[in-house]
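Reviewing the structure listed below.
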Amino acid sequence: MKMSVTIKKMETDAEIRGKALVHWRAWHEAYAGLVSQDFLDKLTLERCEKMAFSWPDNTVVAKDGERVLGFVAWGDRGEEVPGIGEIFALYVASEYYGTGVAQRLMDAGLERLRDYPTVCLWVLKENKRAIRFYEKCGFRPDGTEEYHANLAAEEIRMTLERKTRPQGARPAPYDEKAGS
């Protein structure tokens, strides 16, 4: 598959709609059998679009031409867990699994969270494919689990502990075209 992938900040309505489509498809493709079918039945493309338009910040998309292939969203845990950054979501269209798109998105999200020595994310406990990918990226289960009745599924928290930079050290600039 010939691709010319660009990693960029999500900015346009078309990119927001593309993110919503990836989000909706990913849930229906990757989570069938892992979460409540009732939940999936209620998760419509329109609902994903509403969510995408209501929270367009801190999101980077992967694009091949005008097509959105995937996205990563990140932020701060805030009062809940001070000083910890979080990868809130990372989704890639299934036909791009194994192409490096997810790794480039993870790299982009982690770069944006570079000032956090600890970064966490939540993943469905039964999503073995995702857990293997996150482990490859350096995340480890930290023993925290949470059951979601609406999903009828359990999530685990995974954490990445990074060495902090010496004071005054500046990170290398992020090159969105190169992905690192």
Side-chain angles (χ1 to χ4, degrees), residues 1 3 5 7 10 18-45 47-49 51-52 55 58-64 67-77 80-81 84-114 116-163 179-180:
M1 171 180 341
M3 294 187 305
V5 177
I7 307 293
M10 185 175 70
K19 173 207 182 244
L21 179 60
V22 167
H23 189 190
W24 176 75
R25 283 186 57 208
W27 270 79
H28 286 271
E29 293 170 359
Y31 297 163
L34 298 181
V35 301
S36 158
Q37 188 59 48
D38 182 56
F39 180 86
L40 289 177
D41 291 344
K42 292 176 183 172
L43 184 65
T44 63
L45 178 56
R47 185 171 170 207
C48 288
E49 282 186 3
M51 286 187 288
W55 189 46
N58 293 352
T59 303
V60 166
V61 294
K63 294 178 69 177
D64 184 6
R67 180 169 185 217
V68 174
L69 314 176
F71 70 93
V72 63
W74 68 91
D76 187 298
R77 294 298 295 165
E80 182 183 338
V81 187
I84 295 181
E86 182 172 352
I87 298 292
F88 293 131
L90 191 154
Y91 292 100
V92 174
S94 60
E95 61 269 29
Y96 295 94
Y97 289 176
T99 64
V101 171
Q103 185 65 60
R104 289 184 60 191
L105 287 166
M106 177 61 81
D107 292 346
L110 291 175
E111 173 59 24
R112 268 107 179 141
L113 293 167
R114 68 182 164 266
Y116 293 90
T118 303
V119 177
C120 71
L121 56 81
W122 289 87
V123 60
L124 289 173
K125 189 174 186 175
E126 298 305 316
N127 191 346
K128 303 303 182 194
R129 179 185 183 91
I131 291 169
R132 282 191 308 273
F133 171 73
Y134 296 139
E135 287 175 336
K136 182 179 136 195
C137 294
F139 287 84
R140 299 290 175 256
D142 69 6
T144 305
E145 298 184 1
E146 191 171 299
Y147 181 78
H148 297 279
N150 63 333
L151 297 176
E154 193 165 19
E155 285 187 308
I156 62 171
R157 187 172 66 192
M158 298 183 75
T159 306
L160 172 67
E161 299 291 340
R162 302 191 279 192
K163 294 182 186 205
S180 61

Could you grab the distance from atom [atom1] of [X] to atom [atom2] of [Y], nearest 0.5 Å is fine?
X	Y	atom1	atom2	answer
Leu151	Tyr147	CG	OH	8.5 Å
Glu161	Tyr116	CD	OH	14.5 Å
Glu86	Thr159	CD	OG1	9.5 Å
Met10	Phe71	CE	CZ	8.0 Å
Phe133	Met106	CZ	CE	5.0 Å
Ile87	Met158	CD1	CE	12.5 Å

Any sub-3.5 Å donor-acceptor pair from [X]'s side-chain atoms to [Y]'s backbone N or O?
X	Y	answer
His28	Leu43	yes
Arg162	Thr118	no
His148	Glu154	no

Closest approach of [X] to [Y] (non-hydrogen atoms, all atoms of both residues):
X	Y	answer
Ala152	Ser36	CB-CB, 4.0 Å
Gly138	Leu160	O-CD1, 3.3 Å
Ala153	Leu124	CB-CD2, 3.9 Å

Side-chain touch [X]/[Y], heavy atoms, less than 4.5 angstrom:
X	Y	value
Lys19	Glu49	no
Lys42	Thr44	no
Arg129	Tyr97	yes
Trp55	Phe88	yes
Leu113	Asp76	no
Val119	Ile84	no

>> Does Arg104 form a side-chain contact (heavy atoms from CB on, under 4.5 Å) with Val5? I'd like the steps, not just the answer.
In response: CA-CA 10 Å; Arg104 289 184 60 191; Val5 177; 3.5 Å; yes
> Are a donor atom and an acceptor atom from the side chains of Thr144 and Asp142 found within less than 3.5 Å of each other?
Replying inline: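 Short answer, yes.
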> Taking atom types as modelled, is there a side-chain donor on Tyr96 or Arg67 under 3.5 Å from an acceptor on the other?
Replying inline: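 Their side chains do contain a donor-acceptor pair, which is all the 3.5 Å distance test asks for.
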> Is Lys128 salt-bridged to Glu135, going by a charged N under 4.0 Å from an acidic O?
Replying inline: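 Looking at Lys128 and Glu135, the cut-off is not met.
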> When the ring planes of Phe39 and Trp27 are compared, do they come out parallel, tilted or perpendicular, using 30° and 60° as the limits?
Replying inline: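 Phe39 and Trp27: tilted rings.
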>> Between Glu145 and Arg157, does the salt bridge (Lys or Arg N to Asp or Glu O under 4.0 Å) criterion hold? Intermediate values first, please.
In response: CA-CA 6 Å; Glu145 298 184 1; Arg157 187 172 66 192; over 6 Å; no
> Would Arg25 and Glu95 count as a salt bridge (Lys or Arg N to Asp or Glu O under 4.0 Å) if you check the C-alpha gap in whole Å, the side-chain angles of each, and the deciding distance to 0.1 Å?
Replying inline: CA-CA 11 Å; Arg25 283 186 57 208; Glu95 61 269 29; 2.8 Å; yes
> Do you know which of Asp107, Leu105, Leu69 makes side chain to side chain contact (heavy atoms under 4.5 Å, CB included) with Ile7?
Replying inline: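 Among Asp107, Leu105, Leu69, the one meeting side chain to side chain contact (heavy atoms under 4.5 Å, CB included) with Ile7 is Leu105.
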>> Could you go through Val72 and Tyr91, starting from their C-alpha distance and side-chain angles, then the distance that decides it, and tell me whether this counts as side-chain contact (heavy atoms from CB on, under 4.5 Å)?
In response: CA-CA 7 Å; Val72 63; Tyr91 292 100; over 6 Å; no
>> Using the ring centroid of each side chain, check whether Trp122 and Tyr134 are separated by less than 6.0 Å.
In response: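 No.
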> Can Val22 and Val92 be said to form a side-chain contact (heavy atoms from CB on, under 4.5 Å), step by step?
Replying inline: CA-CA 7 Å; Val22 167; Val92 174; 5.8 Å; no
